[in-house]
Asker: 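Mind having a look at this structure? Questions to follow.
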Number of protein chains: 2
Amino acid sequence: MPATAHKKLAHSAKWFHALADETRLQIIDCLTDGEQCVCDLTEKLAAAQSRLSFHLKTLKDAGLVKDRRDGRWIYYSLNGEALEQLSELVADLKGQSRKGPSLSPCCK
Amino acid sequence: MPATAHKKLAHSAKWFHALADETRLQIIDCLTDGEQCVCDLTEKLAAAQSRLSFHLKTLKDAGLVKDRRDGRWIYYSLNGEALEQLSELVADLKGQSRKGPSLSPCCK
DNA sequence: AAATTACATCAACGAATATTGATTAGTCAA
DNA sequence: TTGACTAATCAATATTCGTTGATGTAATTT
């Protein structure tokens, strides 16, 4: 089993897992308007701070969002590169783009 | 809170959840080669039958795959329409396609 | 009808996740 | 330094998820 294929597989699953939550999808949607600090999001989403902090960490660990500290604020924003790669991945899943290597070693 | 937006949100999360598993991603990758029965997949993925049946149900419930019975075999295949919609959804997440309604009612 | 094949479902267990409230860690201004 | 403010982390709890092995079901063959 090719280690590279397995890594891509694991990474893909991680991305999708990060997106598999309504709160996190709302966060991402908010971030399409531009970078926001946590306090912005707590207002807009009417969610507890610790909860959003948790979900932001999940998104950040997955590489989907970036953060930037400015004084006492930490601004979160979308990671455009990762979302672009995600877009290509979904195209692969459709089987329409057969350029990249297969995710699964058994279905070459 | 618009019920439609919330439904779209929940549906999106369901899609991503279905994709947030390595076994299920492998299944989808296999299915890009065309429809397969469960026994095909147990061979190719070297996984227990009950395990694949569980994951196939998850994918089917999410609407990402379809099944078709032919005698004692049940053939699974990708649902191209759903994958197309998923593709558009990811474009929305990138914020590049601002045609569709926002996922989150608070970030209009 | 009985046996076989292909697949679904169930029960049970451990592992991972999400939520809440409280605490801790930085940052800044007075 | 004190206090106010932003955000991360911790502890405790409840829920969800994935796997396995056993059982159930439907279609086919003998």
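Residue numbers start from 1 in every chain, and the chains themselves are labelled A, B, ... in the order their sequence lines are given, proteins ahead of strands.
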Asker: Starting at CG of A:Leu56 and ending at C1' of D:dT6, how long is that distance when rounded to a whole Å?
Answerer: 13 Å
Asker: Can a side-chain donor-acceptor contact be found between A:Gln36 and A:Lys44 if the only test is distance below 3.5 angstrom?
Answerer: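 Yes, side-chain donor-acceptor contact under 3.5 Å.
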Asker: Base, sugar-phosphate alone, or nothing: which one does B:Tyr75 contact when heavy atoms must sit under 4.0 Å apart?
Answerer: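 Result for B:Tyr75 = nothing.
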Asker: Regarding A:Asp61 and A:Lys57, does a basic nitrogen lie under 4.0 Å from an acidic carboxylate oxygen?
Answerer: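 Answer for the salt bridge query: yes.
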Asker: Checking contacts here: which listed nucleotide (D:dA27, C:dC28, C:dA8) is nearest the side-chain heavy atoms of B:Ser53?
Answerer: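 Among the listed nucleotides, the one closest to the side chain of B:Ser53 is C:dA8.
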Asker: Are any of B:His17's side-chain N or O atoms less than 4.0 Å away from OP1 or OP2 of D:dT16?
Answerer: no
Asker: In whole angstroms, how far is the C1' atom of D:dC10 from the CZ atom of A:Arg51?
Answerer: 18 Å
Asker: Between A:Asp29 and A:Arg24, is the closest basic N to carboxylate O distance under 4.0 Å?
Answerer: no
Asker: Would you kindly give the CG-to-P distance between B:Leu41 and C:dC7, to the nearest whole Å?
Answerer: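 Value for this atom pair: 9 Å.
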Asker: Roughly how far, to the nearest 0.5 Å, is the SG atom of A:Cys37 from the CG atom of A:Leu52?
Answerer: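 Spacing of CG (A:Leu52) from SG (A:Cys37) equals 11.0 Å.
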Asker: Tell me the interatomic distance from B:Ile27, atom CD1, to C:dC7, atom P, rounded to whole angstroms.
Answerer: 13 Å
Asker: Nearest to the B:Phe54 side chain among D:dA7, C:dG21, D:dT19, which nucleotide is it?
Answerer: D:dT19
Asker: I need the CZ-P distance between B:Arg72 and C:dA6, as an integer number of Å.
Answerer: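 Taking CZ of B:Arg72 and P of C:dA6, I get 6 Å after rounding.
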Asker: Among side-chain atoms of B:Arg68 and B:Ser77, is any donor-acceptor pair under 3.5 angstrom?
Answerer: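 B:Arg68 vs B:Ser77: no donor-acceptor pair found between side chains.
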Asker: A:Leu59 CG to C:dT17 P: how many Å, rounded?
Answerer: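 Roughly 14 Å, once rounded to whole Å.
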Asker: For A:Asp21 and B:Tyr76, find the nucleotide of DNA chain C closest to each by heavy atoms; which residue's nucleotide sits nearer the 5' end?
Answerer: B:Tyr76
Asker: To the nearest angstrom, how far is A:Trp73 atom CH2 from C:dT27 atom P?
Answerer: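 From A:Trp73 CH2 to C:dT27 P: 13 Å.
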Asker: Please state how far atom CD in A:Gln49 lies from atom C1' in C:dA22, giving the value in whole angstrom units.
Answerer: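 Atom CD in A:Gln49 sits about 11 Å away from atom C1' in C:dA22.
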Asker: Mapping A:Ala48 and A:Asp70 to their closest nucleotides on DNA chain C, which lands nearer the 5' end?
Answerer: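 The answer here is A:Ala48.
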Asker: If only side-chain N and O atoms of A:Arg24 are considered, is one of them under 4.0 Å from the OP1 or OP2 phosphate oxygen of C:dA18?
Answerer: yes
Asker: From the list D:dA7, C:dT19, C:dC7, which nucleotide is the closest neighbour of the side chain of A:His55?
Answerer: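 Within the option list, the nearest is C:dT19.
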